[in-house]
Amino acid sequence: MLVYVMLRKAILPAAGMGTRFLPVTKASPKEMIPIVDKPLIQYSVEECERCGIDEFIIITGKNKRAIEDHFDQFSELDEILKQKGLNNLIEEIHRHDESNFAYIRQSKPLGLGHAILCAKAFVKDEPFAVLLSDDIIDPDDTLLMEMIEIYKKFRSPVIALQEVPDDEVSKYGIINGETVMDFGANNIPKQLYKINGLVEKPKKEDAPSNLAVIGRYILTADIFDALESIKPGRGGEYQLTDALNLLLANRVVYGYLFKGSRYDAGDKFGFLKATIELSLKRPEFSKDLQMYIKSLAARL
Ligand code: UTP
């Protein structure tokens, strides 16, 4: 089997129902909800592009057409912006012209595992990244790049982990693992785990650790065989967690502990926090927003 060094492809599953975000997700894709002026999925695309990934396979479903339109050309808009001399906006809407986008429709939302399996024919035998767009990683962070470096070093799948409080383990896939090394970047020691097993959304008392799987993965093509072998698991969905457990019988899977900022923008409160914090990072709003927050806090 060929061993790939380059990582050029990313799968962005976007076919979920987004029930936590109803009513807006009844007719609009969750992935198109904007933080300031960019939809959630664009943050993921840009995170990949910063790492040299330029091939995107977006898994879509019912009511998700807006995602395709967002990354497509729109010549009438170009013309209007040109007439108005808004060249900076033309540049902005052509930011992703160098990347390639393919769309695969998941006929029913049968789970994250099933969504990833839908991309099998496009990925072939290359390694690939999976990003869940409702998990927003601080754009100043280099998590994905570091995960790619770990993949290149060990040629094994890498899953991003974050420590979560006891009362939140039931919202995540939780790993059972052992530290294999401290992997320093910019003199910050970061931990790499060898994963021994994963449990999907365990009860607090059954959780093997507080290390939760977050929405960034580097996977290898053998995950597809595992995804084809699994049966519907928790919630009647095909769970990626179950396929990863199968994969563990044949190869090492690493977990990489992320200590930076992540926002669960698929949850309404997490989305509010992401909006405020990412807006504070925007130079055009930062000062005014800080002043506004201070004046608001004084009134509360
Ligand atoms: P979530 O667990 O957040 O599910 O999926 P969801 O449907 O989007 O949202 P809630 O929980 O009902 O509010 C994680 C990611 O996997 C995708 C989603 O689009 C999201 O990016 N997904 C999930 C699929 O593509 N297909 C599925 O069948 C399920």
Side-chain angles (χ1 to χ4, degrees), residues 9-35 38-48 56-68 70-71 101-120 122-123 128-137 144 159-160 162 164 168-174 198-202 212-217 219 223-224 227-228 230-244 262-272 274:
K9 294 184 177 174
I11 301 178
L12 308 183
M17 300 289 273
T19 47
R20 282 171 299 155
F21 234 113
L22 280 165
V24 69
T25 44
K26 188 174 171 217
S28 311
K30 172 173 76 175
E31 298 73 17
M32 287 301 293
I33 296 175
I35 291 194
K38 270 193 260 180
L40 297 180
I41 196 162
Q42 190 174 339
Y43 286 90
S44 294
V45 165
E46 290 177 6
E47 186 179 338
C48 288
F56 295 94
I57 301 139
I58 302 184
I59 312 301
T60 67
K62 239 182 168 23
N63 295 330
K64 303 281 182 168
R65 281 285 302 280
I67 300 176
E68 297 182 37
H70 184 70
F71 293 108
F101 294 87
Y103 299 89
I104 299 177
R105 207 166 155 108
Q106 185 188 18
S107 50
K108 273 191 189 155
L110 295 175
L112 176 61
H114 182 262
I116 293 172
L117 184 57
C118 290
K120 180 181 174 181
F122 273 74
V123 170
F128 57 96
V130 175
L131 287 85
L132 307 187
S133 298
D134 49 6
D135 255 349
I136 299 263
I137 301 295
L144 190 63
I159 297 171
Q162 204 170 35
V164 296
E168 287 190 20
V169 290
S170 60
K171 296 202 297 193
Y172 294 92
I174 301 291
L198 302 100
V199 195
E200 186 62 26
K201 301 188 171 72
V213 175
I214 58 169
R216 298 294 179 275
Y217 310 78
L219 298 175
I223 192 70
F224 294 121
L227 285 167
E228 278 168 340
I230 58 169
K231 303 249 171 330
R234 210 176 185 287
E237 296 191 344
Y238 290 86
Q239 300 285 354
L240 177 59
T241 307
D242 293 341
L244 287 168
R262 174 186 69 95
Y263 308 98
D264 178 7
D267 165 85
K268 289 174 188 173
F269 191 60
F271 172 82
L272 288 176

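Whatever order the structure lists them in is the order used to number ligands and atoms, beginning at 1. Side chains are part of it too, since the values below use all heavy atoms of this structure and drop only hydrogens, waters and symmetry mates.
- Below 4.0 Å from some heavy atom of Pro109 lie the following atoms of ligand 1, by number and element: 28 (O).
- Around CZ of Phe122, the count of heavy atoms belonging to other residues, nucleotides or ligands within 6.0 Å does not exceed 12.
- Taking every heavy atom of both residues into account, Gln106 and Ala15 meet most closely at OE1-CB, 3.1 Å.
- The ligand atoms of ligand 1 that sit less than 4.0 angstrom from a heavy atom of Asp134 are 3 (O).
- Applying the 4.0 Å criterion to heavy atoms of Ala115 picks out, from ligand 1, the atoms 24 (C), 25 (O), 26 (N).
- Counting only heavy atoms from C-beta outward, the side chains of Val45 and Phe101 approach each other to under 4.5 Å.
- In terms of protein heavy-atom proximity, atom 25 (O) of ligand 1 is closest to Ala15 N, 2.9 Å.
- Residue contact check for ligand 1: Gly18 places a non-hydrogen atom closer than 4.0 Å to it.
- Atom numbering of ligand 1 starts at 1 in the shown order; those under 4.0 Å from a heavy atom of Leu110 are 28 (O).
- Summary of contacts: the protein heavy atom closest to atom 12 (O) of ligand 1 is Thr19 OG1, 2.5 Å.
- For atom 11 (O) of ligand 1, the closest heavy atom belonging to the protein is Arg20 NE, 3.1 Å.
- Looking only at protein heavy atoms, the nearest one to atom 15 (C) of ligand 1 is Leu132 CD2, 3.9 Å.
- Nearest protein heavy-atom neighbour of atom 7 (O) of ligand 1: Met17 N, 2.8 Å.
- Asp134 contributes no side-chain N or O that, together with a main-chain N or O of Asp267, makes up a donor-acceptor pair within less than 3.5 Å.
- Atoms of ligand 1 found under 4.0 Å from any heavy atom of Glu31, numbered from 1 in the order shown, are 19 (O), 21 (O).
- With a 4.5 Å cut-off on side-chain heavy atoms, Leu117 and Glu228 count as touching.
- Nearest protein neighbour of atom 8 (O) of ligand 1, counting heavy atoms only, is Lys30 NZ, 2.6 Å.
- Other residues, nucleotides and ligands contribute only 12 or fewer heavy atoms inside 6.0 Å of the NZ atom of Lys62.
- The backbone N or O of Gly61 lies less than 3.5 Å from no partner atom in the side chain of Lys108, so there is not a single donor-acceptor pair.
- Taking the side chain as every heavy atom from C-beta outward, Leu144 and Cys48 approach each other to under 4.5 Å.
- Scanning both residues, Val123 and Lys9, for their nearest heavy atoms gives O-NZ, 3.8 Å.
- The nearest protein atom to atom 18 (C) of ligand 1, hydrogens excluded, is given as Gly16 N, 3.6 Å; this is a heavy-atom distance.
- When only non-hydrogen protein atoms are considered, atom 26 (N) of ligand 1 lies nearest to Gln106 OE1, 2.7 Å.
- Looking only at distances, a side-chain donor or acceptor of Gln239 sits under 3.5 Å from a matching main-chain atom of Arg234.
- Of all atoms in ligand 1, listed by their number and element, those nearer than 4.0 Å to a heavy atom of Ala14 are 19 (O), 25 (O).
- Close approach of ligand 1 to Gly111 is summarised as follows: ligand atoms under 4.0 Å from at least one heavy atom of the residue are 26 (N), 27 (C), 28 (O), 29 (C).
- Which parts of ligand 1 touch Leu112 is read off a 4.0 Å heavy-atom cut-off, strictly below it: atoms 16 (O), 29 (C).
- In this structure, Lys64 contributes its side chain and Gly16 its backbone to a donor-acceptor pair below 3.5 Å.
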